[in-house]
Amino acid sequence: MSLLELNNLSVKFGPFQAVDNISYQVEEGEVLGIVGESGSGKSVSSLSIMGLIDYPGKVSAERLSFNGQDLQAMPEKQRRKLTGSDIAMIFQDPMTSLNPCFTVGYQIIEALKTHQGGSKKELKIRAIELLTQVGIPAPESRLDNYPHQLSGGMSQRVMIAIAIACNPRLLIADEPTTALDVTIQAQIIDLLIELQRKQKMGLVLITHDLALVAEVADRVIVMYAGQIVESGPAAEVFSTPKHPYTQALLASLPESAAGKSRLDALPGVVPGQYDRPLGCLLSPRCPYATEQCRQVEPDNQGDLHRQVKCHTPLDTEGRPAA
Amino acid sequence: MSSNHLILDAQELKQHYHVKQGVFKPDAVVKAVDGISFQLEKGKTLAIVGESGCGKSTLGRMLTMIETPTSGRLEHMGQDLLSLSKSAQATLRQKIQIIFQNPYGSLNPRKKIGSILEEPLVINSQLSKAERKAKALSIMAKVGLKTEHYDRYPHMFSGGQRQRIAIARGLMLDPSIIVADEPVSALDVSVQAQVLNLMMDLQTELGLSYVFISHDLSVVEHIADNVMVMYLGKVVEQGSREDLFNNPKHPYTLALLSSTPQLSPDKRRQRIKLQGELPSPLNPPSGCAFHGRCQYANERCHQEVPVLREDQTGHLIACHAVEEQRIELSQAV
Ligand SMILES: Nc1ncnc2c1ncn2[C@@H]1O[C@H](COP(=O)(O)OP(=O)(O)OP(=O)(O)O)[C@@H](O)[C@H]1O
Ligand SMILES: Nc1ncnc2c1ncn2[C@@H]1O[C@H](COP(=O)(O)OP(=O)(O)O)[C@@H](O)[C@H]1O
Ligand code: SF4
Ligand code: SF4
Ligand SMILES: [Mg+2]
Ligand SMILES: [Mg+2]
């Protein structure tokens, strides 16, 4: 049984399909990377797992389960208890997700209180423990700080402390380091991976940084315009991509080009609400598109180990299947 | 370096800001840029890298004369920019244009693209209305915008298109130097690639020189001829792209490189773990500003500010450990 299982999850805002029938699993102790350009539905799909999509957003799924429990069928109260203790999330923008009106100590202790008991003193000791664990120096003195007194890296560490307060079994981290400098990013990622290994947590790491996923993820999901276009073991997907979009993303990275030569840039942009094309969503930008691609949406090919949503998946040489 | 190719020569540029600390405390001084020198050749790209707050944007504002340096010299093709009369400065200022990071904030939402582009011409040229339009349309074509975009407003464009508009505006006065402050940081990779290609094409076609400010080392490795690494207002290492990426020496450069994720497993470096965070520029450390985070720091580093020293190949490094050859011994990269 997988830790997290989604089957044909969709999220709609009115007529706009922000997430379009995605399915994936996360296993215990696994790091799953989700990559894709801005607006591809990475955040919305994660928020829907957490039950955080507000009206008028509409979530539907054939299956959405955590550790075998059906999240859609359970009473609202039980689901809220589960998300926050067993499933935790770190949000894209730490500045807006810490409450500016309360001290760091208060916010950590509140998170602890909702899911476990203990005296005031015990909770405080545990809060200090957590801050130590996420590498904050002189943690006692930080308990009385307000969020604006912290640097970006420090706020992100506090967010992580709150997220792991209840020893979650699954942690969803949405761009946990995008706003940070590279040396601080490296510290935070190392910290997350260390915690993940120690506690055999499942970790979903959402980012637009392909190289970061290549370094730390076991498996990767590539999203485009609300759909999963490719998934599989990270090393395989990055060395021999099967979907033209994955291939194009990798080719457009500066490190893929030799010296000062031109980059292989995919023309155009990700479709939005009003210009979603017929057939394959990549067809207006895809160098291999055929008439069939412009008319018929491709099915998923392959097995759970490695999937690709394309009529003519690429071979190991990077050419479309005949 | 033959001097007729030299287009910009900066010597010991400083920008010190006085910051109010309250009624009873004396003003503090933030040394945002503290003595930076470099030379830019025609048609080349100098990249400036470093973490947020190290002074990259402040340097960019001085180069484009948006701000006057506290001290230092700045020469454009042999002419001292800072001692010129105001009117002579205004003319030369047209030759050095800046493009900002945020293509959303820097375009006036109430103006059509055409008038955004023609605005610099209205102020700085005698061209007629028709001539201005012709110029705008020709520059739009150069950056890959279509004629029909002329009458549209900024909100109707994607992030990448807005960055093209910002580049087009920078080109309207036929500059010789473009200072680009994080020009692709807000863009997705596929669009980033389009904009980087455009910048390289324009450089070849128009002979532009770039000062390219970025915190993204993989972008810098792709586009730069020369690289300057800054830490807290000072240059810590400076050299050719090859020097910096194939033979990095300064502990901070090594840390930056090893912290940058790599797609290809064989390019990954042993991670150098840094302690702590960037120190506050209001209260900078004594000696080498990097000593609190540096694994090679010793007593001398706490006391004495390291100066930039040049090695045989023209590669500049400011580090006591490098000078004392303490790093070669322990650093088996
Ligand atoms: N509350 C909402 N109402 C309407 N549309 C929304 C809402 N929230 C998100 N969307 C749309 O859903 C799509 C997916 O958004 P999402 O935030 O998941 O993207 P993302 O992949 O996380 O992008 P980024 O990399 O920029 O964070 C986007 O087109 C977005 O504009
Ligand atoms: N007008 C100003 N007044 C006071 N301090 C400033 C001003 N502009 C920048 N600074 C400070 O100077 C330092 C360098 O800033 P900046 O050049 O914007 O850095 P970067 O672009 O490298 O992120 C920072 O500490 C910043 O807070
Ligand atoms: S289905 Fe066609 S258009 Fe879509 S990715 Fe495959 S080849 Fe390209
Ligand atoms: S001078 Fe000292 S503290 Fe500074 S980088 Fe070199 S070894 Fe480290
Ligand atoms: Mg997002
Ligand atoms: Mg800046």
Side-chain angles (χ1 to χ4, degrees), chain A residues 35-40 135-137 150-154 157 177-190 207-216 224 234-235 238-239 245 248-270 272 285, chain B residues 45 49-54 144 157-161 184-198 200-201 203-204 214-225 241-242 252 255-265 267-268 271-278 280 293:
Chain A
V35 297
E37 296 182 286
S38 196
S40 57
I136 291 190
L150 306 175
S151 68
M154 216 133 22
R157 286 173 201 265
T177 56
T178 303
L180 304 175
D181 284 320
V182 283
T183 60
I184 311 291
Q185 158 166 305
Q187 290 171 358
I188 301 278
I189 294 293
D190 288 351
T207 172
H208 61 268
D209 189 337
L210 295 152
L212 179 59
V213 167
E215 284 196 354
V216 303
Y224 183 77
F238 288 129
S239 64
Y245 179 64
L249 267 188
L250 292 166
S252 69
L253 293 176
E255 53 259 55
S256 306
K260 237 185 138 173
S261 59
R262 286 177 63 85
L263 297 169
D264 243 321
L266 194 64
V269 292
V270 183
R285 305 175 77 191
Chain B
T45 301
V49 301
E51 296 181 282
S52 67
C54 73
F157 291 90
S158 69
Q161 285 175 316
V184 294
S185 304
L187 305 176
D188 273 320
V189 286
S190 72
V191 182
Q192 165 179 294
Q194 295 167 11
V195 173
L196 288 175
N197 281 345
L198 170 65
M200 291 196 295
D201 292 347
Q203 180 162 55
T204 315
S214 178
H215 65 276
D216 186 333
L217 288 173
S218 40
V219 171
V220 166
E221 183 170 11
H222 182 68
I223 200 162
D225 297 295
R241 171 184 41 190
E242 291 72 25
Y252 178 61
L256 276 183
L257 285 168
S258 79
S259 301
T260 303
Q262 292 293 339
L263 200 57
S264 120
K267 278 190 85 180
R268 286 179 200 148
R271 174 75 46 81
I272 296 166
K273 287 206 166 139
L274 284 190
Q275 309 296 317
E277 320 210 354
L278 265 170
S280 157
R293 305 172 77 192

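Chain letters run A, B, ... following the sequence lines, proteins first, then strands; residues in each count from 1.
- For A:P137, no part lies near chain B; criterion is any non-hydrogen pair under 4.5 Å.
- Distance alone, capped at 3.5 Å, is enough to place a donor-acceptor pair between the B:H222 side chain and the A:S261 backbone.
- Of the atoms belonging to A:V269, it is side-chain heavy atoms, and not backbone ones, that fall under 4.5 Å from chain B.
- Partner of B:H215 under the side chain to side chain contact (heavy atoms under 4.5 Å, CB included) criterion, chosen from B:S185, B:C54, B:S52: B:S185.
- If you measure heavy-atom distances from A:L212 to chain B, the contacts under 4.5 Å come from both the backbone and the side chain.
- Looking at A:E215, the atoms closer than 4.5 Å to chain B (heavy atoms on both sides) sit in the backbone and in the side chain alike.
- Remark: side-chain polar atoms of B:S259 are paired, donor with acceptor, to backbone N or O of B:A255 under 3.5 angstrom.
- Only the side chain of B:L196 comes within less than 4.5 Å of a heavy atom of chain A; its backbone N, CA, C and O stay farther away.
- Remark: the backbone N or O of A:G268 is paired with a side-chain donor or acceptor of A:R285 at under 3.5 angstrom.
- Contact of B:D201 with chain A is made through the side chain alone, with heavy-atom distances under 4.5 Å.
- Residues A:L263 and A:L253 approach most closely at CD2-O, 3.8 Å, considering heavy atoms.
- Among A:S256, A:G153, A:A211, the residue with the largest count of heavy-atom pairs under 4.5 Å with chain B is A:A211.
- Classification of B:K267 and A:E255 as a salt-bridged pair fails, no side-chain N sitting under 4.0 Å from a carboxylate O.
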